[in-house]
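Treat the numbers as computed from the prediction; the structure is a model and nothing was measured. Letters A, B, ... are given to chains in the order of the sequence lines, protein chains preceding strands, and every chain is numbered from 1.
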Amino acid sequence: MRQIDLSAVATDVAPLLLGSVLVGTDGVAVRLVEVEAYRGAEDPGSHAYRGRTARNATMFGPPGRVYVYRHLGLHHCVNVVCSPAGTATAVLLRAGEVVAGQEVAWQRRRAAGVCRAERDLARGPARLAVVLGLTLAHDGAPMTIQHSPRDRPAPEASRMRAPEAGARPLELVPADQPVTMRTGPRVGVSGRAGTDAYPWRYWIDGDPHVSAFRAGPGTS
DNA sequence: CGTAAGATTTACT
DNA sequence: GTAAATCTTACGA
């Protein structure tokens, strides 16, 4: 099993997250198939490019926490904070496959809107946040990594978890097998930051749960 | 101080 | 395919 060091730069961490499983609230777990890296002060596409604000403060904190922000007043998106405190890089979780807690996941998605296909449950960053049950209330919450198999809770134990378990740290179980990765420009990012000059979108080749690509404005 | 644009999703024409 | 929903930040007057 590969070690994941979240104090590394987001572009180094992102490939390691592909194929890993993130356990969210109420037993819902998602295998990550698509992520994007954002590199703070070096990255015009990053929320942290122009310095610290109330919204992005979590990204400037220690690594291993989740940065959750609200987009267009409606949606939530989830990042994993990387790099040491003071350096604001992060990995945006864009899509995944629900591998546990399917009933809760479907319930949450139907409450938020229409969802017909299983592959659309967590296909897109805001949808991923919905199925995991993450909102602004979880901004800054710590995430723990299960680096040794004996630390991994029994599947039965996580299914029996009490509702207040949502307050406990999120868990990340690293991929036990390498995945076939592809890279390219990030989705919906405008200007030069959305071009091949910043190929910081990473996804598992051929996986149906990867979201559709959309070019940002001014990236032609 | 007012306006525009954004790491999106859904519903409607 | 296009519009609407509706919050935060950036930027120009």
Side-chain angles (χ1 to χ4, degrees), chain A residues 9-11 13-15 17-18 22 30 32-60 65-83 87-96 98 105-140 182-203 208-220:
Chain A
V9 181
T11 40
V13 174
L17 297 183
L18 293 179
L22 178 60
V30 166
L32 302 172
V33 301
E34 178 191 358
V35 300
E36 283 175 359
Y38 288 85
R39 291 182 51 152
E42 310 169 18
D43 179 5
S46 171
H47 286 167
Y49 182 58
R50 290 173 182 86
R52 180 176 183 144
T53 66
R55 180 181 63 163
N56 66 22
T58 299
M59 266 201 288
F60 288 84
R65 311 224 276 223
V66 291
Y67 163 51
V68 183
Y69 68 92
R70 195 199 300 253
H71 189 56
L72 289 172
L74 288 182
H75 308 294
H76 298 286
C77 297
V78 181
N79 298 250
V80 175
V81 175
C82 302
S83 300
T87 304
T89 80
V91 178
L92 169 69
L93 310 180
R94 285 200 54 90
V98 177
W106 272 103
Q107 193 175 343
R108 287 172 171 164
R109 283 287 281 117
R110 297 210 57 175
V114 174
C115 181
R116 291 187 156 79
E118 178 277 339
R119 72 185 290 234
D120 290 332
L121 270 179
R123 191 169 180 248
R127 293 167 173 176
L128 184 61
V130 167
V131 301
L132 289 176
L134 299 178
T135 68
L136 283 183
H138 299 87
D139 181 44
R182 295 198 59 190
T183 66
R186 294 171 293 186
V187 174
V189 175
S190 66
R192 208 176 103 83
T195 68
D196 286 316
Y198 296 77
W200 293 344
R201 178 181 183 228
Y202 308 81
W203 68 95
H209 303 91
V210 173
S211 72
F213 177 74
R214 263 181 307 106
T219 55
S220 61

> C/dG1 and B/dA7: how far apart are their P atoms, nearest whole angstrom?
Replying inline: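 Per the computed distance, 22 Å lies between those P atoms.
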
> When the C1' atoms of B/dA5 and C/dA3 are considered, how many whole Å apart are they?
Replying inline: 16 Å

>> Using 0.5 Å steps for rounding, measure from the CG atom of A/Leu136 to the OH atom of A/Tyr69.
In response: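 The distance works out to 11.5 Å.
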
> What pairs with A/Pro44 under side chain to side chain contact (heavy atoms under 4.5 Å, CB included), at least two apart in sequence or on another chain?
Replying inline: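 Per chain and number, A/Pro44 pairs via side chain to side chain contact (heavy atoms under 4.5 Å, CB included) with A/Tyr49, A/Ala193, A/Tyr198.
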
List the residues meeting side chain to side chain donor-acceptor pair (under 3.5 Å) with [X], not counting sequence neighbours, and say none if there are none.
| X | result |
| --- | --- |
| A/Tyr202 | none |
| A/Thr11 | A/Arg39 |
| A/Glu34 | A/Arg94, A/Arg201, A/Ser211 |
| A/His75 | none |

Are any non-hydrogen side-chain atoms of [X] and [Y] less than 4.5 angstrom apart?
| X | Y | answer |
| --- | --- | --- |
| A/Thr195 | A/Pro185 | no |
| A/Leu18 | A/Val35 | yes |
| A/Trp203 | A/Glu36 | no |
| A/Val131 | A/Arg108 | no |
| A/Val78 | A/Leu128 | no |
| A/Leu93 | A/Val80 | yes |
| A/Thr183 | A/Trp200 | no |
| A/Tyr67 | A/His47 | yes |

> Taking only N and O in the side chain of A/Arg94, is any of them less than 4.0 Å away from OP1 or OP2 of B/dT8?
Replying inline: yes

> With A/Arg109, which residues qualify under salt bridge (charged side-chain N to carboxylate O under 4.0 Å, His left out), at least two apart?
Replying inline: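 In terms of salt bridge (charged side-chain N to carboxylate O under 4.0 Å, His left out), with neighbours along the sequence ignored, A/Arg109 is linked to no residue.
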
> For A/Arg123, which residues count as a salt bridge (charged side-chain N to carboxylate O under 4.0 Å, His left out) partner, sequence neighbours excluded?
Replying inline: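 Partners of A/Arg123 by the salt bridge (charged side-chain N to carboxylate O under 4.0 Å, His left out) criterion, ordered by chain and then number, come out as A/Asp120.
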
Pairs under 3.5 angstrom, nitrogen or oxygen only, protein versus nucleotides 10-13 of chain B, please.
| unit_1 | atom_1 | unit_2 | atom_2 | d |
| --- | --- | --- | --- | --- |
| B/dT10 | OP1 | A/Arg109 | NH1 | 2.8 |
| B/dT10 | OP2 | A/Arg127 | NE | 3.0 |
| B/dT10 | OP2 | A/Arg127 | NH2 | 2.6 |

> What are the residues of residues 33-50 of chain A, sorted by number, that bring a heavy atom to within less than 4.0 Å of DNA chain C?
Replying inline: A/Arg50

> Taking 5' to 3' order, which nucleotide of DNA chain C is first and which is last to have an atom within less than 4.0 Å of a heavy atom in chain A?
Replying inline: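 Nucleotide range with atoms under 4.0 Å of chain A: C/dA5 to C/dC11.
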
For nucleotides 3-5 of chain B, give me every protein contact, N/O to N/O, under 3.5 Å, one pair per line with atom names.
none

>> In this structure, how many angstroms lie between the P atom of B/dT8 and the NE2 atom of A/His71, rounded?
In response: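 Value for this atom pair: 5 Å.
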
> Atom CZ of A/Arg55 and atom P of B/dG6: how far apart are they, to the nearest Å?
Replying inline: 13 Å

>> Give the dot-bracket line for DNA chain C from 5' end to 3' end: parentheses for intra-strand Watson-Crick or G-U pairs under 3.5 Å, square brackets for crossings, | for inter-strand pairing, dots for unpaired.
In response: |||||.||||||.

> If each of A/Arg123 and A/Gly73 is mapped to the nucleotide of DNA chain B with the nearest heavy atom, which maps nearer the 5' terminus, i.e. the 5' end?
Replying inline: A/Gly73

